[in-house]
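Convention: sequence-line order gives letters A, B, ...; per-chain numbering from 1.
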Number of protein chains: 4
Amino acid sequence: MEKFRFLTSGESHGECLTAIIEGIPSGFEINPDFINTELKRRQSGYGRGARMDIECDTVEIKSGVRFGKTMGSPVTLVIKNKDYQNWQKVMSIKPEDFTEEKSFSTCRPGHADFAGSVKYKTQDLRNILERSSARQTAVEVAVGAVAKQILNRFNIKCSSKILQIGKVTENFENEIDRVKAQGDTIGGKFEVVYENLPVGLGSHVHWDKKLDGKIAQAVMSIPAIKVVEIGENPLGYAGSEYHDEMFVENGKVIHKTNRAGGLEGGMTNGEPLVVKAVMKPIPTLIKPLNSADIKTMTNSEAHFERSDTCAVEACTVVAEARIACVLVDEILLKYGGDYAEDIIIP
Amino acid sequence: MEKFRFLTSGESHGECLTAIIEGIPSGFEINPDFINTELKRRQSGYGRGARMDIECDTVEIKSGVRFGKTMGSPVTLVIKNKDYQNWQKVMSIKPEDFTEEKSFSTCRPGHADFAGSVKYKTQDLRNILERSSARQTAVEVAVGAVAKQILNRFNIKCSSKILQIGKVTENFENEIDRVKAQGDTIGGKFEVVYENLPVGLGSHVHWDKKLDGKIAQAVMSIPAIKVVEIGENPLGYAGSEYHDEMFVENGKVIHKTNRAGGLEGGMTNGEPLVVKAVMKPIPTLIKPLNSADIKTMTNSEAHFERSDTCAVEACTVVAEARIACVLVDEILLKYGGDYAEDIIIP
Amino acid sequence: MEKFRFLTSGESHGECLTAIIEGIPSGFEINPDFINTELKRRQSGYGRGARMDIECDTVEIKSGVRFGKTMGSPVTLVIKNKDYQNWQKVMSIKPEDFTEEKSFSTCRPGHADFAGSVKYKTQDLRNILERSSARQTAVEVAVGAVAKQILNRFNIKCSSKILQIGKVTENFENEIDRVKAQGDTIGGKFEVVYENLPVGLGSHVHWDKKLDGKIAQAVMSIPAIKVVEIGENPLGYAGSEYHDEMFVENGKVIHKTNRAGGLEGGMTNGEPLVVKAVMKPIPTLIKPLNSADIKTMTNSEAHFERSDTCAVEACTVVAEARIACVLVDEILLKYGGDYAEDIIIP
Amino acid sequence: MEKFRFLTSGESHGECLTAIIEGIPSGFEINPDFINTELKRRQSGYGRGARMDIECDTVEIKSGVRFGKTMGSPVTLVIKNKDYQNWQKVMSIKPEDFTEEKSFSTCRPGHADFAGSVKYKTQDLRNILERSSARQTAVEVAVGAVAKQILNRFNIKCSSKILQIGKVTENFENEIDRVKAQGDTIGGKFEVVYENLPVGLGSHVHWDKKLDGKIAQAVMSIPAIKVVEIGENPLGYAGSEYHDEMFVENGKVIHKTNRAGGLEGGMTNGEPLVVKAVMKPIPTLIKPLNSADIKTMTNSEAHFERSDTCAVEACTVVAEARIACVLVDEILLKYGGDYAEDIIIP
């Protein structure tokens, strides 16, 4: 991300999540209500646990917006953690508040716990859990909601849908109920589509300019994502079946199919961008898995921290957000401009 | 890529491909023979066409290596295009050599042609083909072969295999023959494995530090890749089935399964890194697809430039190379060091 | 800045200034009292105006630190603007609060006003002033105070002094009083020194790795700085006089002079790093300069916003902070490490 | 450098210097003759030694340009080292060619030798000299000459002059003769001016977007530069004297003075960009300085490698080139565009 660059911060039970976005031109309308709607979407979805009710996230814009429009200066977004009041001591920055309350040392399989404890040399896995929690995606959704408002100005629209939960491709709620009744968790596959993108975002000229690669990074780095696909999975198609033929109609080049998912040669080709991803089942299980206690170095049952049965719907919202950020960055790189109304997509 | 950074250049029928790698510490042994072996691997594989024989790539190291070891200064790799002598006029840098020989204006579906012509405003698609050709991956393999020699010092080993060609999971050669006889092309799925990686490459603390994301970018940006997977595709697994339990054995934390593919929380967890990818069928077909001529704006048959039936094996070598570069970058970031023998992985 | 990377945000009269620092290893002791002491230093100094009393900045650490030590996750710093209560309407993010109160359209010479208004297309120069104000350096000093605490662990120490105010090289306070009595402003020259740096930070191998260049950027981009020098200004020295001879004493290579200011070939050479800079006089004058009103397009007197007579001392503190950030980044790049106690400078 | 990004490589006595530039839009006219003229300028100037005659640099463009215009793909520049034929054995990449011929171990004061030998752990200072030599600036001038041709399309013009050699502000040649007769070396001060820049390159909104900082890095990282100034050194001016008043004339905002050197708030303000720098005397002296032999760890006389008396004129050309690259990057960032004729500066 070269023009729309941002950093996020915040622990799961710390005071707040924060993001600073640097590089937005002046003059874009930013409505916090839209950001809050997106935050709500992330918290909704069948299969979410109790925390979602506690949270009810709302964003505060601390800088970069004045009288409803971006000023050109960095935009700061803050989401308070509503639960923080109960965690102030446990998450205190002060050395004198040191406590082992809420500390734990049995790694949760499928989480950052084990690798994080080795990397950052800690035996209190709370230090790893707090940042690796999916909670951090809330502020990423907020950043994405800013990006979506920028895309909106260019009439670029987003949609998404769940394709599969576990092995099931319809009636997802039944499947989630079934899994929940077993105290288990389940993942799934979803699709995000962006329409009305200009031709030529990304480039074929260098590997790190290819838009498919940038999107793959943005989506694969969402917690729990293990598979990313652009367009139709080509496995089993012959060349004569897979590629999207082109036609000239009314003086325009058009495709009648979109197996490429809108990307050829690492560039948008005018068709809808179609990105699919598979999320693994949430690793925090009520029936704990076998695991290792890194303090006592003995076999032990994995730590359980309150959790959901299925978060595919939330994950879809995060993926929409991540892709929105990549697309805004590409548009700003391609078209330049320091002021919203001067940025014209031909 | 922050420490092991590189740029590549070169047209498919230009004089040469070039790469500059900046950021390699001093004292690493670099053997051009190993690079040439990797280049050979890229050119081999069942299903390749005639160009492979012309090429027989060999690398020249133009800087950064002295008496067999890196000096700390940037390393330059050059691969001459053997076929250049026949293309000197067509690819000339001089305005006075302008010719329409070898120029074409009918987009090849599945290629960068259409989007590239719009983006870079050219009606001679030669200007797009020359850089978007898979030929550019030759020098990327050379860069990766440098990276592999660095990994080799740390005893990190790479292997790969083809999992599927079209719908077929064994006797791949028969399937390729069958497709070739039809004048068609076919893609496939492959797997790259890196073993003996230290725990804690990548990080969970920020989305753009997650190693799964970086690898996904590196692999998805290879021409023709449409799907990237880390470890086992979780679709259909319940949480209790998917996650890799941990055990303490002989004072060490171990996993007995590796569905995570060696990455948890965006970090290596000590298990082999397993990356899978699906390559689409090569889009250049002997039986040309319907397409658009962007000069005349009429329907037309796609341009045919000499091509292969199946390049999955070559693509596997490119993926190995790309991942090697990411891993070296992570190791240099994590362990620091300006001199090979001072870089110790505990 | 590749490892110690940060973004800052905040308007001069907005709710707060914020910084997110990403890339600090775990285990470093961070004391907010030290940050506050540095903030106090920035606000002190002979020649400052009334705002300094209003402000009395204090930092809040919102993430990344637990029980006194860094966790490895991003660190968030917030400094509230004490004056914000009087500016809530003027700086509101809501479109319905739109007001022209405190808006102005006559550019202040020497400020970002004119260029900023053209770039970001605004006729209310408040939109430019708010971010270009030197107020933003408060949070940069806070970031630098985090960096200094990291340097402190490696026993790297900072000092600084004013070399000149206007044309005067001693009794600076008299000179400031004299200028103040005239309703004028004055700049000056100062020096920042870092001692005990390891040999070999930075590198000669590529232009953008040279430490002198990175420091020059960090210092020249401080508001009002026009000149940066490394070590002794060589103008007028012959080669035989300027360069620092080396000697072997007690088995060590030493220099007896340090005209190079601790940098040779873009790398630290073991001697103290000496950076000098010249700050221009503060451009906001009680006796306003001639200027242009960009709304009416007429000649006009420059807008006056409360100001200081001389801010060289504050600027020195900012320069210390900026250089601290560069040095921490170099140390993390050179030595690697994810945990404070594992990072050993030989 | 985010859009116009490049890497350079090459040893002083290696086969060649190479640069790859990635990010140039298509359609810019690139004339190698102009690059060669710039290379000639770098080699000229009163006070240069014998090597300049050997070299007579010429560029070869290996990629990215076709029929006189950029293609959008990376541009490769190669400058052969004419002297290489005599150094093939000494600079060989093959381990079996190992020789101590031309190796040396006595550090040259003022050079990268000492710090480089510690950093990259070598006792053969040839490994450091070869890359830290000012020879590398040849290919940087070539890159800058590409940038200048891009600037030329926008009618942005460069000029420069020497302001001072040693203590002398005119009749520079006499001074150089005098110093040469003493076997000594001398530095000087020069000025580079770019005219016709649009308003608003760079930005005040974040420290690392400020154009003064970027230019300071670009110039300070040139070998031997110790001082960088933007515009008039403000030391000794009162605020009322220093800042450039603005006036409205013929419906335009104008300045009548340019002490700011064309930059206010880190942005271009429409006036000529004026950058000054001081180069130290060349450190390689015929009368060698006292130094340390890092192999024997004894006092010794510094190694002498053929050298010049004064290279200020060459350094001026390098500074022009470096600044050109920064300016092109800023223009591409600000105005976007993938095709030369589509990039319109209003």
Pair [X] + [Y], salt bridge at N-O below 4.0 Å:
X: B:Glu232; Y: B:Lys276; value: yes
X: B:Glu175; Y: B:Lys167; value: no
X: B:Glu330; Y: B:Lys214; value: yes
X: A:Glu229; Y: A:Lys189; value: yes

Which portion of [X] sits near chain B, non-hydrogen atoms under 4.5 angstrom:
X: A:Leu235; answer: both
X: A:Asp244; answer: backbone
X: A:Ile128; answer: both
X: A:Val118; answer: side chain
X: A:Glu249; answer: neither
X: A:Glu140; answer: side chain
X: A:Met1; answer: side chain
X: A:Lys334; answer: side chain
X: A:Ile254; answer: neither
X: A:Thr268; answer: backbone

Pick one of side chain, backbone, both or neither for [X], based on which atoms fall under 4.5 Å of a heavy atom in chain A.
X: B:Tyr242; result: side chain
X: B:Thr298; result: backbone
X: B:Ile215; result: neither

For chain B, the option from [options] that forms the most heavy-atom pairs under 4.5 Å:
options: A:Arg131, A:Lys226, A:Lys210; value: A:Lys226
options: A:Lys287, A:His255, A:Lys280; value: A:Lys280
options: A:Asn269, A:Val228, A:Thr185; value: A:Val228
options: A:Gly187, A:Gly200, A:Gly213; value: A:Gly213
options: A:Asn290, A:Val199, A:Val179, A:Ile230; value: A:Asn290
options: A:Arg108, A:Met220, A:Gln182, A:Lys209; value: A:Met220

If you count heavy-atom pairs under 4.5 Å between each of [options] and chain A, which one has the most?
options: B:Val219, B:Ile294, B:Leu7; answer: B:Leu7
options: B:Gly183, B:Ser9, B:Pro288, B:Gly202; answer: B:Gly202
options: B:Gly166, B:Ala302, B:Pro198; answer: B:Gly166
options: B:Asp113, B:Val227, B:Ile282, B:Thr106; answer: B:Val227
options: B:Leu285, B:Ile165, B:Val205; answer: B:Val205
options: B:Ala277, B:Ser203, B:Ala224; answer: B:Ser203

Are [X] and [Y] side-chain neighbours, meaning at least one heavy-atom pair lies under 4.5 Å?
X: A:Ser291; Y: A:Pro109; value: yes
X: B:Gln217; Y: A:Asp208; value: yes
X: A:Cys107; Y: B:Val253; value: no
X: A:Thr296; Y: A:Ser105; value: no

How about [X] and [Y]: does a side-chain donor come under 3.5 Å of a side-chain acceptor?
X: A:Thr122; Y: A:Asn127; value: yes
X: A:Thr284; Y: A:His111; value: yes
X: A:Arg322; Y: A:Ser221; value: yes

Verdict with supporting geometry, A:Val275 and A:Ile323, side chain to side chain contact (heavy atoms under 4.5 Å, CB included): CA-CA 9 Å; A:Val275 182; A:Ile323 297 170; 3.9 Å; yes
Straight-line distance of B:Cys310 SG to B:Ile186 CD1, nearest 0.5 Å: 7.5 Å
Mutual orientation of the aromatic rings belonging to A:His206 and B:Phe6 [parallel < 30°, tilted 30-60°, perpendicular > 60°]: tilted
Around A:Lys180, counting heavy atoms of other residues, nucleotides and ligands shown, do more than 12 lie under 6.0 Å from its NZ? no
